[in-house]
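The next block holds one structure in the form of structure tokens; read it before the comments.
What you see is a predicted model, and the numbers here were worked out from it, not measured in a lab. Atoms considered below: every heavy atom in the structure, side chains included; atoms not considered: hydrogens, waters and symmetry mates.
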Amino acid sequence: MASLKSFASTDRFIAELATPAIKPGYVLIGDEVYLYDRCRKAVLATLAPEATRDFCLHDLDLADTTIFEILDRAQTPSLMAPFQLFFIRGLKNLYTRGTKKEEFAAIDAYFRSPNPQALLIFVADHLRIPTDLRRMDMTDKDRYERIRETLGDGCGLVELARVDEADAVRWIQETALTRGIKFDPDAARELADSLGADMMLISSEFEKLLLYVSATPAGQPIARNHVTLGDVETMVLAAKQRSLYELTDAISSKDRPRALALLHGLLNASDGGEDAAIGHLYMLARTFRQMLIITEKNVRDSRAIWQVLWQGFRMPPFAAEDLIRQARRYKSRRELTRAIRLVARADLELRSSPANKLLVLERLILDLATEPRPSLYEPAHQFMMLL
């Protein structure tokens with residue numbers, strides 16, 4: 001597959017993993033979930049074999065674990081696995097109030113003499129990197145420079161920027177060809193455009209389209225292996241029916257029985273069942289973040305919505321009015337940030353391989369569909385990482 005500009009940073013990172021040039025640490029900067037998952041899967045496939053993964057993979061959060069404890073664990077050889085892999089979320093906790101001199105001194109000391117049998121990957125998903133870097137928010141620019149100044153000497157920086165729509169179209173066509181399927185140009189453009197160039201959504205619907213055209217229809221000797229514009233229109237319509245917007249409608253209406261029923265329906269309709277839970281949480285978090293912006297910008301009609309939501313963060317056109325209506329059900333910004341926080345906690349719990357994924361999801365939906373008590377709110381600064 002030809003190199004795509006939007007994938008260049010992650011391509012270099014993935015290629016570096018299996019070479020002597022691999023660094024002792026990396027920072028994945030940006031909130032593009034598809035590119036993050038692409039990096040994570042590559043790291044696991046290269047450095048964490050299935051046989052030892054339970055003993056070598058550590059998913060940690062700086063909101064719960066200190067950097068001193070993480071560095072101590074990274075320096076300590078393991079008797080159970082030859083290599084230790086640390087994914088460290090909540091990086092924004094290193095850049096809150098105070099200089100954090102002791103924390104950064106400990107990080108500098110570690111990277112001056114790192115454990116060659118460990119890899120530290122910091123996840124800076126509290127930043128948004130747009131397709132055009134010149135349009136990066138000033139706050140995110142400052143955060144980026146601070147990360148570069150404090151971690152750039154010891155870590156490689158990997159930008160998870162929004163994928164350009166033209167690159168998304170090329171990705172659709174070229175990936176389809178590697179699978180032996182032709183994707184018409186107008187079909188690829190329609191898929192990318194209808195999903196707002198959101199690679200997480202595109203990749204999911206792309207797989208469904210390939211299954212759809214590869215299936216042998218009744219009465220026909222062979223499958224088509226060819227995706228047309230009509231196929232995309234048919235499947236996007238189906239995707240609308242499968243979407244989470246009905247679920248968020250039930251949640252925002254505080255209709256707990258309906259919300260639970262819709263959750264079970266989504267899981268039953270998903271090819272991966274409960275294993276698709278991370279993807280559902282991604283969509284929930286994304287939808288609540290969209291509602292937060294709609295609320296903050298006081299958006300009242302779908303014409304204004306495209307001015308406040310950037311490319312790659314827009315909902316399909318059919319959902320605009322529904323989302324505006326749902327957002328208006330929330331009385332304040334704090335209610336929406338609470339919802340985002342609840343989803344983030346559930347996401348962390350699911351990534352920690354709980355005994356019962358369904359229970360985690362059901363508890364989340366019940367919490368989201370319950371009118372919050374004032375005591376549940378937390379100071380506003382604790383929500384900044386979610387914005």
Side-chain angles (χ1 to χ4, degrees), residues 31 33 61 63-64 89-90 92-93 95-97 125-128 137-140 142-143 196 198 243-260 262-263 280-310 312-316 318-349 360-387:
D31 62 351
V33 178
D61 194 313
D64 306 313
R89 289 186 170 273
K92 68 106 182 178
N93 288 279
Y95 301 93
T96 51
R97 293 178 182 177
D125 54 3
H126 59 295
L127 281 74
R128 184 183 75 86
D137 181 87
M138 285 303 298
T139 300
D140 284 336
D142 292 341
R143 290 170 174 167
D198 184 305
S243 75
L244 290 177
Y245 293 115
E246 288 187 11
L247 177 57
T248 55
D249 182 69
I251 289 171
S252 63
S253 300
K254 302 297 184 284
D255 188 341
R256 299 173 76 187
R258 178 170 164 246
L260 280 177
L262 287 166
L263 169 68
H280 293 320
L281 288 192
Y282 161 76
M283 283 301 300
L284 266 178
R286 175 187 171 88
T287 303
F288 279 115
R289 290 175 65 201
Q290 288 169 335
M291 284 195 276
L292 180 60
I293 294 172
I294 289 169
T295 299
E296 290 183 329
K297 301 296 184 181
N298 197 29
V299 174
R300 295 293 178 179
D301 60 69
S302 58
R303 291 172 298 178
I305 208 168
W306 312 120
Q307 299 173 9
V308 300
L309 297 180
W310 51 90
F313 193 60
R314 295 171 179 167
M315 73 287 294
F318 76 89
E321 292 293 344
D322 287 342
L323 211 58
I324 293 171
R325 185 181 67 255
Q326 293 175 31
R328 295 180 67 178
R329 290 174 181 157
Y330 289 90
K331 301 180 183 70
S332 68
R333 177 182 186 275
R334 296 172 69 184
E335 285 192 26
L336 288 165
T337 52
R338 168 187 176 269
I340 297 169
R341 173 171 54 83
L342 288 172
V343 176
R345 286 182 177 175
D347 178 78
L348 185 62
E349 191 172 352
V360 174
L361 292 171
E362 288 179 335
R363 187 170 62 245
L364 169 66
I365 296 305
L366 289 174
D367 287 343
L368 289 172
T370 299
E371 198 72 43
R373 297 190 304 272
S375 60
L376 292 179
Y377 291 132
E378 297 180 7
H381 71 268
Q382 296 188 25
F383 298 109
M384 292 306 294
M385 67 172 288
L386 302 169
L387 305 182

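Here the shortest heavy-atom pairing between Ala369 and Arg256 reads O-CG, 3.5 Å. Residues Val343 and Leu281 approach most closely at CG1-O, 3.5 Å, considering heavy atoms. Residues Gln290 and Leu323 share a closest heavy-atom pair of OE1-CD2, 3.4 Å. Taking each heavy atom of Asp322 and Arg325 in turn, the nearest pair found is OD1-NH1, 3.1 Å. Here the closest heavy-atom approach between residue Ala327 and residue Ile294 is recorded as CB-CG2, 4.0 Å. Residue Ala63 comes nearest to Asn93 through the heavy atom pair N-ND2, 3.7 Å, listed as atom of the first residue, atom of the second, then distance.
Considering only residues two or more places apart in sequence or on other chains, Asn298 meets the side chain to side chain contact (heavy atoms under 4.5 Å, CB included) condition with Arg300. For Asp255, there are no side-chain hydrogen bond (donor to acceptor under 3.5 Å, both in side chains) partners two or more places apart in sequence or in a different chain. Take Ala320 and apply the side chain to side chain contact (heavy atoms under 4.5 Å, CB included) test, not counting sequence neighbours, and it matches Ser302, Ile305, Trp306, Met315. Evaluation of the salt bridge (Lys or Arg N to Asp or Glu O under 4.0 Å) rule for Lys331 yields Glu371 as partners, not counting sequence neighbours. The side chain to side chain contact (heavy atoms under 4.5 Å, CB included) test applied to Thr96 returns Lys100, not counting sequence neighbours.
Between Thr337 and Arg341 there is no side-chain heavy-atom pair separated by less than 4.5 Å.
Here Asp137 does not pair with Arg128 in a salt bridge; the nearest charged N to carboxylate O distance is not below 4.0 Å. A salt bridge does not link Asp367 to Arg345: none of the charged side-chain nitrogens sits closer than 4.0 Å to a carboxylate oxygen.
Atom CD of Gln307 and atom NZ of Lys297 lie 11.5 Å apart (nearest 0.5 Å). Atom CZ in Arg289 sits 13.0 Å away from atom CG in Leu284 (nearest 0.5 Å).
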Donor-acceptor pairs are to be reported for all side-chain atoms of residues 247-254 against protein atoms at under 3.5 Å, with residues two or more places apart or in another chain.
| residue | atom | partner | partner atom | Å |
| --- | --- | --- | --- | --- |
| Thr248 | OG1 | Leu244 | O | 3.4 |
| Thr248 | OG1 | Tyr245 | O | 3.0 |
| Thr248 | OG1 | Gln326 | OE1 | 2.7 |
| Asp249 | OD1 | Arg329 | NH1 | 2.8 |
| Asp249 | OD1 | Arg329 | NH2 | 3.2 |
| Asp249 | OD2 | Arg258 | NH1 | 3.1 |
| Asp249 | OD2 | Arg258 | NH2 | 3.1 |
| Ser252 | OG | Thr248 | O | 3.0 |
| Ser252 | OG | Asp249 | O | 3.0 |
| Ser252 | OG | Arg329 | NH1 | 2.7 |
| Ser253 | OG | Asp249 | O | 2.9 |
| Ser253 | OG | Arg329 | NH1 | 2.9 |

Practice item. Show your working on side-chain contact (heavy atoms from CB on, under 4.5 Å) between Leu342 and Phe288 and close with a plain yes or no. Key: CA-CA 11 Å; Leu342 288 172; Phe288 279 115; over 6 Å; no

